Every structure is written in structure tokens, then in C-alpha cells.
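Structure, as C-alpha cells:
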Amino acid sequence: MKTTQQTPKGSKVGAALVIGGGIAGIQAALDLADSGQKVYLLERAPSIGGNMARLDKTFPTNDCSMCILSPKVVECGRHLNIETIAWAELEGVTGTVGNFTARIRRRARYVDSEKCTGCGECATVCPVQMPSEFDAQLGTRKAIFRPCPQAYPNTFVIDKRGRAPCRVGCPAGININGYVALTAMGKFDEALDLILDTVPLPGVLGRVCDHPCESVCHLGTLDAEPVAICAIKRFLADRRRLGGQRRMPQPSQPKEKRQKVAIIGAGPAGLTAARELARKGYQPTIFEAESQPGGMLSWGIPAYRLPREVLHHEIEDILAEGVELQLNCRFGSDITRDELTRRGYKALILAIGAQAGAPLGIENENLEGVYDSIRFLRQVNAGRPVAVGRRVTVIGGGNSAIDAARTALRLGAEQVTIVYRRTRTEMPAIPLEIKAAEEEGVRLELLAAPVRLHGIEGRVSRLECIRMRPGAPDASGRRAPVPVPRSEFFIETDTVISAIGQKVVMPDDPEFQKLQRRHGGTIQARPETCATDIPGVFAIGDAVTGPRSVIEAIAEGRKAAHAVDCYLRGVPFEPLPRVTRDQIVDHPPRADQSERPAPRRSAPELPVEERRRGFTEVEATLSEEDAVAEAQRCLRCAVCSECLACVRFCKAQAIRHDQEDVIEEINVGSIVVVPGFEEYHSTLKYDFGYSRFPDVVSSLEFERILSASGPFGGHVQRPSDGREPGRIAFLQCVGSRDLACRNDYCSSVCCMYAIKEAVIAKEHSRGLDVTIFFMDMRAFGKDFDKYYERARSEYGVRFVRARVSDVRQQNGQLILRYAPDTGGTCEEPFDMVVLSVGLQPPTGVRELASKLGVRTDKHGFMLTDPLNPLHTSRPGIFVGGPASAPKDIPETVVQASGAAAEVARLLSEVRNTLTVKAQFPPERDVSSVPPRIGVFVCHCGINIGGVVNVPAVAEYALTLPHVVHAEHNLYTCSQDTQDHIRAVILEKNINRVVVASCSPRTHEPLFQQTLRQAGLNPHLFVMANIRDQCSWAHLHEPEAATQKARDLVRMAAAKAALTVPLRSSTVPVIRQALVIGGGTAGMTAALAIADQGYHVCLVERDARLGGNLRDLPTGFEDQDLRAMLKNLIAKVKAHANIRVLTETTVVEVQGFVGNFTSKLSNGEEYRHGVAIIATGASEYQPREYLYGEDRRIITQRQLSQQLAAGNFPGLPPACVVMIQCVGSRTAEHPYCSRVCCTRAVKNAAQIKEHHPETEVIILYRDMRTYGFQERHYQRARELGVLFIRFDADRPPILTGGPRLDLSVFEPLLQTELHFHPDLVVLSTGIVSSAEDNDRLAKLFKVPLNDDGFFLEAHAKLRPVEFATEGVYLAGLAHGPKNLSECIAQALAAAARAGTVLAKDEIETSATIAEVLPDRCVACGLCTQICAYNAISLELQRIGKEERVFAKVNPALCKGCGACVAGCRSGALNLAGFSDKQILAEIAQL
Amino acid sequence: MTTETFDANQRDARFKYEVVRQPGGENLLLCYACGTCTAGCPVSQIDPEFNPRKIIRQILLGMRREVLSSPVIWRCAQCHACTAKCPQNVRFREIMRALWQLAVAHGFAPPHMLERIDELARLTHKARRDLVAEFVRNPEAFELLKEKCEHLTQTTDQA
């Protein structure tokens, strides 16, 4: 175990652990690292990015999700103080706030991240295809994969899941799933080589193996036949043999161990041992007593099962590997041990088999015509004909008996009977062999045992048998046969062949005669090492085990070779790694459960009548098509098949199949938990047909379908038939607001993402009909209602207010049933159905919570407090994003930043204690020396090198002007190449560098850093993209691509010669903050900044702090807001770092990020590095519904105050009617005020709780109680609050008078209802303080939206900041939101502000625009063009001239170049992209 | 478009609580009017007048007389489809039973319905009486029946 840092107990640690690498984790990590904390970012998946990386577009701006996420991922990956630990899990946490120790399990990736360059070649060659999790199972990935091309870390990972049963079932441990996978891909040579890596004789095994692998194949448990593994092996072997190919050259063998080893016996065990020893570098010699090698393969197995040419061919292959063979040399008589020792043999392996048949042990066994099967088959196989007569009886039930019987048939016997004492199922022979024998006419006499033989004239004439019955189970678990008394019977026969067992014949050598033997006569050898009592003598095979299968003999051979190797090297014996049964994996779930596995393919067999005519092979080899189809049936149980194709093809040698998990301890001061969410498993909603009908997809699947990088390349099509759908239906609230699936909450995001997906789908194909079935349209966020409206009116998305009861499939269409508001029921056909699935805590979150020691609710959401929305139940551990409640991306980002603020304030005193800064040597001055260019051309594995002639490009580069060095590298980006480049720069005094490789977007900073390490200015660098824009684009034109690569390099070199060092400047940061607005948001932000140790000036326009909260007595969760506010104000006032200025406003703002000066209304000037705008908003003042005219009409806020005061003035009203959306979602205020629905249901519930007799009616348009607030809605209903929906075009009508009359149209009953309320409560909206906001917006040069709220820099990922750096935003000034959301946003603003304040100075970019004064005419066009307010017209003295020029503020310029392009007099230049440089590049074309 | 109006005076705001207090009516108030019950109801398919969502709505609005005297409420087939599909666990089938109880108890049931109920009660009573008479006359039959019943209970228990 490795421990990163040691900190004394009790003291704080300046580091944080962020758990979860989605957008929240990335944001929190960046904020923390930028504010001076070391960050460990822990992610369970192979790469960071989370669910957001899988989305297509984002609402309400329709930005590409990956496009906006990717830069954050890259920034996070590159950050010096963020260590991303992906493919890892938390094991446990100890310690307390400020000093935690987290145990981390880094799961084995099986790929060395230091070496992997992400080229992807491994995935191309990997034969195992799996459904891709990233593509929601709609697309595929390989066993070695990365989730998406943009993945960070860009290291591949191998999906290994234990061992496949077939491989475990094989006695020799052949990598079966490996060669099956390769066969499925058509890589037959690789597949055969993989077999040969483990065992010889594949063609033999493919014919005679009893394939225990197939009996354990998982496919067999799925109501299907197992994969025909054995037949595939035979196909592979025969293909190469018949194709006339010899073995491929072996990898060079170690030469140092050339000791000689003698192997006695050329059977499968001996042959295998010899080959393995030859491969290990020994000189093996096989001594074989017979005239033919092969042992039982040659003598025992008939040719119709194993043609001799197959055997001979494969034995030749073995001999070709360096094995010597001496035939006709019987050990003990022809050659002795002493002789062998004299000849220099250092070890001896006895593999003599069991060569004698076991006697029957009955009377008259030595009659003529009685054989044992060994003798019989040997004679036949040696070509010596045996006269078997007309009738043959074989005794025994093993393969040998079947072989003898079928051979006898082929020798002309007319009637062949097998006598076996047990039942058919207990016969040890391969069932297919028994079947084949029967087909050929062999008769089985089961449950019968021989008693004696009868003969006539010394020749056998009949066999006396007795009937048996199954008795009690014996040691083998089989029922021992018991003779049935007086049941003797006779079989007339001419020949009797006994096949009841084999015996070992020991060598004729006194020393060996003394070897210990077992009960049955087999040699006693140690089971693991094969060693006998005689040192240096090993024994294997049937001679040790008794008669066993060929594959077991081969396994023995492998074992012995290993043991002899250990013995001869004198090292302690280590057993061969063996897989145990508990490592066997279950098969992975198949993508389509409904489809049955394909039927097994088999090879044709010889017709029965032809079989009996001779010894022609009965079974044919599988055709190529069948072999591939058969291999494709494999379930890929272990996922990675360890075929090692990746190892062979990885040029970076990064694959490590032996990698193991690593447990590590890290020491951190605080923890941020942001594990994200998981989509609801809609299989559970049976009625909606998910997983029953292929064209019912989840919304996340639909995101992938829409995505251009998704499984269908962005083409909207049905998964079932690939047809473009004409009509799509979205079903809302699947797994949300549903007590039947126990999810009593609203998932907050589904309404909007459904609208977005509908809109994007319509953009993909205009003719598409899209219908969204919903109950309440919860478009409660900023600008959401406008998006909803646009979807309806501009895009023609149809919205139907109904919950679908069920989906059924009929004639390729999906029929939906629903009940429209207006009555009756409808059935409507669609081509595709998208289920808008809800969010739930991810699998494993409870375990995570228990490891962290934090509490969760019944669903697994982490518990928080509404006033401390980012605190978990354990101090020092913070939570954000959907882990605490469902929420969308901006709120998640806000919470992530907010959590970072909580950590930053907690660890402020240890800020910058563990962070590092990049250190570089001083820059060399290159201004006075001519360019000396070094060119590095990258192969990128085969990404470039496979198309472009890279060496030729490098050679060409040497001919270019100023180029003094050119070379080509396998991977220019690998760490060792960086070191090499640095050395070359110094050695050859290079002062300009060109790299021709991939995209500068991802790799330029890396190479620039290498330049800096070599003492060069990073801008003396030019990159040519010869991959994305060359080798990838011209895959099939290598010549032209090479020429283009030359052109690109020539252009780059021409530019490089003109590069000059560029310097960035620095601006000191004033470490003070101005917070404008003294409401909850402003005070919370001020406190969070002040707690980080920076001075804050809090400016409030009113005389008192508190803002809107002063009028709100209780919160949604019944919190006492008055106490909370009192406490907050006291804290702010008492804080040493905060200065509160009431009745003060900001009147003037000067400066830029890090360096603002603001003039306040009290005449003071305040200098600050950052500013936070938290000016709030106000309640809508209603003009409708007689408000202000009748005292019985009040607002929701007034009602809250009345309820908090304890009672209604006077008697409780008999009837209270609340009207929603007063001043919201109107033409004047076309947005949702977000809080009114919850406030109304809360107040209504409170009335009902205290006055159950009071009738409370809420008139609403859409009940927008999002998130957990849905429970308040439910509670209000349970208490009897009556909800009546109205449409905007038919609002309720309130008439005054002594008795109020309120009429509303009830849509379900289609009836006008009249009420006579005693109290009418208007749920008034939130409106911006438009005038104030406008003034402030102008001061800070920041924008407002149409509704007068401040407009953030980016709706999704920059929700609390402006494009103008250093200015942040929080609270209602941004838009309507509830108290918890205001608090989180204020904290987020404080965190973002903290990233600026943590720095002493801000480094400006070097590639910025600069003004050429002699050309500037001060027209001011550039000031209008600049999106960052970086250019201004100022009176300046330049040289002798003093006049107005344009001036670029380097701290604000982003180097976009828009001004350069726009300037009519050419007075602007973009450093690093000067006209001269660009023209020089173009000139080269 | 509208036609009908319905004044507060005609309403009985307590009617919903009356239903809630009935066995089976407990979950009435959870309804959020999504209409799943109606869309999935086989009776509604053939008889649009039978609209579970509308019936619940009427109860919640206090339309006591309209609901209890409506012939529609007697058309429920008690098939459970609504209960199985309801996302709020309202158990509409049980609510129908509660309504029947109330309709009978408060005399809203239509005469032919009451007749059928009376007829059923009469027949049940007669069966009960006949059975007793039979057992008195033939005690062995009673023993036999007891044995059968015990056997039946056992098998059901096992199942």
C-alpha cells in the first residue's frame, strides 16, 4: 500500500477528495485546485465526464453537450494540481474534518497509463465485441475500450470478468474463449496460434477430444446447445493444414538452456512434454518403442475418427520445433537409463502409457478369438488384418469399446454387440460416439455382465452373460450394478473383444521395476511435480493416471515440462497458474433477452452405408461460414478472452494482462461527494413495453440515437428495423411522481429534456411528428417556458396532457392508450416511443454513503439541510448535484462550485500548502541567432504511419530551409519521446520546433511544456496536423496523403522560421471582494469569501440587511427563517473581514479582473479583485383579481405572514381559493417564478392542518412542485386541498361584492364551477428590479436577459459568472429560485471568486491582439467587435504623438482575433498569428 | 364552448371525506387526475360514459347526489386494471365499492339495483336456511362437508 503524504494528526490537510468525475466533480475539482487545494478526483468509470458526456444537446440553448463539456475535461486533465484517479473506488474513510484518510482501490486497467497513448489500435484488433454502456447498449465496444474518443484519461481499459467456464473446464487450460473470439472475427491464423501457444496437436484434439469445455459452456444453460468448440478447433487446424501452410515461425527461443531431456514414449503426453521443453530451450529426445510415433493416437484410435495424415502432420510440426525422435527404441531393453545419463540426458520423463489390456478375469479367457481391445485395435491399425467372423461381441462401455465395435463392423462383421453392465447414461464413452455406433448398426446389451466364455475346439463360440440391475450408489456416485439371480443368457459370437481397462507395462529395467506403484499398477508420481522416487525421473500420462482422455494426457505433458524446467534450473517448484472454479463468471446479460440463441451448426457426416465400407473419416470439417457462425454464438462470458491480440499489436507495449488492483491511502482535509445519478430502470414499468418492444427506448438511449457520435451516427432510426420513424411519442414521468415504483419525487429535468429531444429530433427530420404525453409541464427554469413555447409554436411539437396507460405492439407499430382531458379514451399508433425516465441515485450509492459515514434517505439520496444544502450529515463532507436531489446541469454545477466554497473556507489556512507550480529553466535568448528548426514526425502507432510514409516525410523535412534535425517517432506524445525531444533540442541547439502529428487542441500544450523544459519559449513551436486532417481523411490514398503531409510540414516549417518568443504579462490581484446586495445571497457569498481570508465590502441599498427573507417567516421545510436571518446578519456584522455599508450603492466601476476600483455612493473608492452581484428581485405587485381593492384578496406572502403570526385575523375562513401564476407566465412576464407552486401547497397544507374544516382550493396551470417538493403537493392533496387546473386562455374570473364569486372552467368535467371564497390568495411571481439591474449591468458591462434578470456567461456550465471576468452573480438577480438554491448559488459565486483571489497575480495570455499605433485611426470599430470588452479607445502618448488610440487590455483579451479581422486599417495584430506568418504558410502551397 | 355551470351551493364539500372514511376509499385524495385509470379501463373502452377520472373528480368537487345517483357507477367490472396501473395508488376499484355502499345506504341506488340486491340477500338467506335444514336431517353430510372443507383449507394453505 502506498500513502501519498503524511500530515501530523489533528492538523488540517490542504487537499480535497472529489468523488465522482461527472460535470459536478470536474467543476468542484477545478474550483478547488484553482483556489489553492490539491485535488484527487475519483471516478468509478474508466474516464471522467459522467452522464453529461453521453447527452446530445443541452436545453435551453441546444449547445452540443460534448462540445461544452470537453474543454472542462481537458482543463481538468491537464491541471497540475488535480490528480484524476479513474477506474477506482472508495474503500473507506477515517479521520475527522480537516484531516481524513481515504482508502482508494485503483482497479486494474490492464493497460499501463504511462505508456498508453490512446491510439486505439488494440480496440481495432480485439475480437470481443460488447454492448457499449456509453451508447446505452445500442452500440458496441470491444473488451479493450475507452468510453468515447474524447475520454480522459485517454488510457484504454480491459473489461475482464473472471474466467470463462470453457477455459476452466479444459484440463490443459487452452484459451478457448480467446480462439473462439478470434474465429468469430475471421482471424483464423491468430486463433490457431493461440491454441498452439498452449498445446500441440490441434487437429487431433479437434477430432478425438472429449471436450469437457462444451459440457460447461454457459450457452448450454440458456436452453441452447453449447458452442461447438471442438469442431471450431478442428476447422482452424484443418484450414491451415489443407491450405498447405506450415507453422508460422516461432518467436526466438532462449538458447542458454541446452540441456538434454529424454522422454520415453511418443504418445500425446510425451509429445507435448517434448514440444514444451523444446520451446523452453531444452533438447528433448523422444524414445519410442514402436515403429510409429503417436502412442494410443496411432494404435488405439481408428482412422475413421483420426485420419493418419492429420496425426503425422501434427507430429511433424512438433518435431520441427526442435524435438528429436528415435523410433523402435524400447526403453529398458534397447536403451537404459545409464546409457542415457552417459549420453548427457539430465532428466527423464516416463510417458509410457497403459499399453496392455486388462483381463476379463472370467473362465476360458484364452480361447482363440478373444482379444483385448488394445491388442485388437493395434493389430488393425498396424495394417494386420484380423478375421473377426460374422458376430462380434465387445465388452465395456468406454470409447475403446465403441472404437473396437465400430472397427469390427468395418472389418466385415455383420452383428456387433456391446455388453455393458450399467445403463446407457453411465457409459463413459462420448455420447455422440455411442450414437454413431448405433447408427452404424452396433447393438447395445445394457445391464449385462459377462460370466464365462464357451468355446468349440479352442475357439470362442458364445458368451455367457448375466442380467444386472442398478444397486446402491458406489464411490463414484453411480449406482453399482448388482447381478439379477438366475438371469443368465448367451450371446452367440465369433469374436470377443474386452475393453474394460488398460494396464501399465513397466520398462524392463530393474531400477524402474522398483518404482512405487499404485493399487491399479500405475506409477506413483507426485501429482503436482510429476516427480517419481528416482531423482531426475518424472512420470506422466496414462502410466500415472490410468487411461484418460487425450486432452488430459496433453495437460500432463505441459505440467511435466514445467516441472522438469524447474528441476533443471534448480529453482523451487511453482505450480502452473491454475484457474479455480470460483473464478468462473456468469455469462453477461445479453442485449436482447427476447431472442433465443441461434441453433448450433454441425458438419456433415458420411452416410451410414458408406461408413461401414472402410476407414474413411466419418465427420467432415465445419465450413468457414459455419465455423464463424458457431464462434459468434459464444456469449463472451469473461468479456476479455485474453487472446493477447492487443499485446501483439500495441506498439507502445502498454498492455499488462497481469495488472492487479492497488489499494492506496490518501490524506485530505475535506471530501466532496458528487456521484451523480442513474436513469430509472424502465423495465420495471411493464406496461410501457420497455425491453419487450425494441422501439420503446429510454430518453438516454434516445440521446445516443440523436448524437452524431452515437450508434447510428445521428440518424434518427428505429432500433428494430433501422427505419426512420414518422411518429414519435414521449411518455413523461416514467419512474417519477409514481408511488407504484416508490419514487414519490419529481425528477426535475425530464420535461425539459423531452422537449429538447423532441425539438432536436424535429431538426433531424422536419417531417417527423412528435407528441409529448405529460401531466404537468415543469418548465420552471430560466428561459424554459420560452423554450416550451417555441417547441410548440415554431417546431410544431404536440403536447397532450394525459398519462398513457399502456403501450402495445401491433403490426410493427406501437399503440398507446390514453384518456384526454375532454373525456373518453384514445388509441394512437406511433413508430417509436421514448420513455422520459426519471433520475435516481446510482447503484452502489448506499455502500458509498456507508463508507463515507453519511446518511441517505429511503431512495439513497444523501440527506442535506435546506439551509446548508451542500452539507452531508458528516462534518467536512459535502455533497452536490443529483446525489442529494434530482436536478439539472446548471444547478449541479452551482452546487459543485458551492461545495468547493465550503471546502475552501474550511481549509483556508492550509491553502497552497500541497499544491505545486510548474518549474522551468530560464529561457534561452534566440533573438540574435538564425532559426535552427527541429522536426518531429509522428507515426501515432499506425494511425498516421499506416497511411502516410512517415520516414519519407521526416527525410523530406531535412531538405527544408533552416531544418537542422528531423526524425520520426512511434508516438511523439509518449513520455520517453518528450525526454528525447528535450535532449535533442539541447544537443543540436535547436531553437524552433515543429511537430507533425495530431490536433493542437489536445496536444499543443504538452509539446509547449517540453519546449519550456528545454529552455525555449513555448511559442517557438508549430504543429502540423497530419492525422485528423491527413491520414484519417485520406485513408485509401497513401501516396497523396504522404504528399499532403509533406506540404503540411513545409508550411509549418515556414511559419516556425518566423516565430518569435511571446511573453505573457502578469497583473497583480487585489485580494478583496465587493458584494453588491445584502440579502441572503449577498450575505452568504460575503461570508464564504471572508471565511477564505479575503476582505469583503458588502454594499446594501436599504437601511437593513436581509432582503426578501425579511418578509418570509418559514421555509418550505418549516425552517425558522427569522432565526436563520438573525443569525446570518449577526455573523456578517461580526466578521472581521467584512465591512457592511448600508444605504449605499455603487456609482462607478473601473478596471478589470483582479483590479477593479469602484466608487460608492458615500463617496468612497473601494479597490477589489472581484465583484459579486446579488441584488435580488422583488415580488410582483398584482393589478389583477381585485388586489388592492378588496381586503379579502391577499398575496401568498401575506398569507405566509398571517399563518406565521398564528392565525387569521378573525374567524378562519370557510373557503380559501389560491390562484397560481399571477404575474408569471404572462405576456408581460413570460417565465415561471418557480417558487409559487410550492409556497401555495405549503400554505394550503398548513391551513388544512390547523383548520381542517376550511375548504382550500388551488387553481393552477401546471403544478410545478419539482424535485422533492412533489411530496408537499402530495401532502396537500392528502389533507384534502382541492386542485383545479385552468388554461391560460380561460383564467378564473373573480367578481367582488358582499360575497366574492369566483368562476373557473373545470376541464375534466367541462363545467363552469362557481365558488364563494372568503379569502383569495394570489400566488404572485418574482420580477426583476429592472431599473437597478440595468444600471449595474452598464457599470460592469454585463448583459441582462429580456426579463431584466442578469444573464450568466453560459446557461449550463458558467451559471454564476459573466463573460466579463471577475464579476459573479448570485440569487434572485439571476432569476427566480428558492432559498436553498440561492444559498448554493451564493456559495458557488464565492468559490469562483476564490479562484481569482487565491492568486497573487493573474497571468495574461501571450497570444493576444496588439495595436499598431501608426495605423490606428481610432474609429472604434474594434471596441464594438470585441466580445470581452477588452479594447477601449484611450488618450495615449505613443512616441511623440499623443492622441486617442485603441488599447487592448491584456488581462481581458482572449486572443480570438475578431478585432484583427475587423480592423479596416490593419492596425491590429494577433501575436503568434501575424500576417507575415500566415502568408508565409500560404506561400508554401 | 362551455355549457354547464355548477354552483358552490350545490356542492357537499364533505362528501370526499365521507368516501375516504369508507373501507376502500382511503386513498381517494391522492389522485392527481392523470387519467391512467380511465385510459386503461376496459369498461371505458366500450362505454365512454364510464370515466373513472371524472367520477373521482366529481367526488372531490363534492357532487354527492350526481355521483351516488348516477347509473354509471354500477358499470364497474371490478377488474383491477385501474388499481394496477395507477401511479398514485388511489385504488379506484375499491372506491367504487365504497360508492356502492354509500349509494345503497343512502338510498341512491336505482330501484332495479336495490331489487337485485334484495333478491341476492333473499337467495343467500334461503341457501343458508336450506343448508342448515339439510344438515339437521342428515348429520353425516355435515361431517363429510367439514372434512372436505378442512381438506380444501389444507390444500390452499399449501398452495
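All values below come from the heavy atoms of this structure, side chains included, with hydrogens, waters and symmetry mates left out. Please read these numbers as outputs of a predicted model, since none were measured by experiment. In what follows, chains carry the letters A, B, and so on, assigned in the order in which the sequence lines appear, proteins first and then strands, with residues in each chain numbered from 1.
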Rounding to 0.5 Å, atoms CG (B:L61) and CD1 (A:I1284) come to a distance of 5.0 Å
For A:A819 and B:G35 the tightest heavy-atom approach is CB-O, 3.6 Å
Okay, A:E1278 and chain B: the region with an atom under 4.5 Å from a heavy atom over there is both
d(A:E1306 CD, B:L60 CG) to nearest 0.5 Å is 9.5 Å
Minimal heavy-atom distance between A:P1252 and B:Y17, with the atoms involved, is O-OH, 4.5 Å
- prompt: Quick one: are B:R11 and A:L1313 in side-chain contact, heavy atoms under 4.5 Å?
  reply: no
Hits for side-chain hydrogen bond (donor to acceptor under 3.5 Å, both in side chains) against A:D806, two or more places apart or cross-chain, chain-then-number order -> A:R817, B:K85
Between B:R57 and A:L1308, the two heavy atoms sitting closest are CD-CD1, 3.3 Å
Of B:L29, B:V20, B:L28, the largest count of non-hydrogen pairs under 4.5 angstrom with chain A goes to B:L29
Whatever's closer than 4.5 Å to a heavy atom in chain A on B:C41 counts as neither
Hey, are the side chains of B:Y32 and A:M1263 touching, using non-hydrogen atoms and a 4.5 Å cut-off?
no
Okay, B:C31 and chain A: the region with an atom under 4.5 Å from a heavy atom over there is backbone
The reported gap from CD in B:Q88 to CG in A:D744 (rounded to nearest 0.5 angstrom) is 9.0 Å
For B:S44 and A:T825 the tightest heavy-atom approach is CB-CG2, 4.0 Å
What one should report as the nearest heavy-atom pair of A:S805 and B:T36 is CB-O, 3.5 Å
Assert top hit (heavy-atom pairs under 4.5 Å, partner chain A, pool B:R53, B:K54, B:R14, B:Q58) equals B:R53
When the 4.5 angstrom heavy-atom criterion is applied to A:F774 and chain B, the contacting part is neither
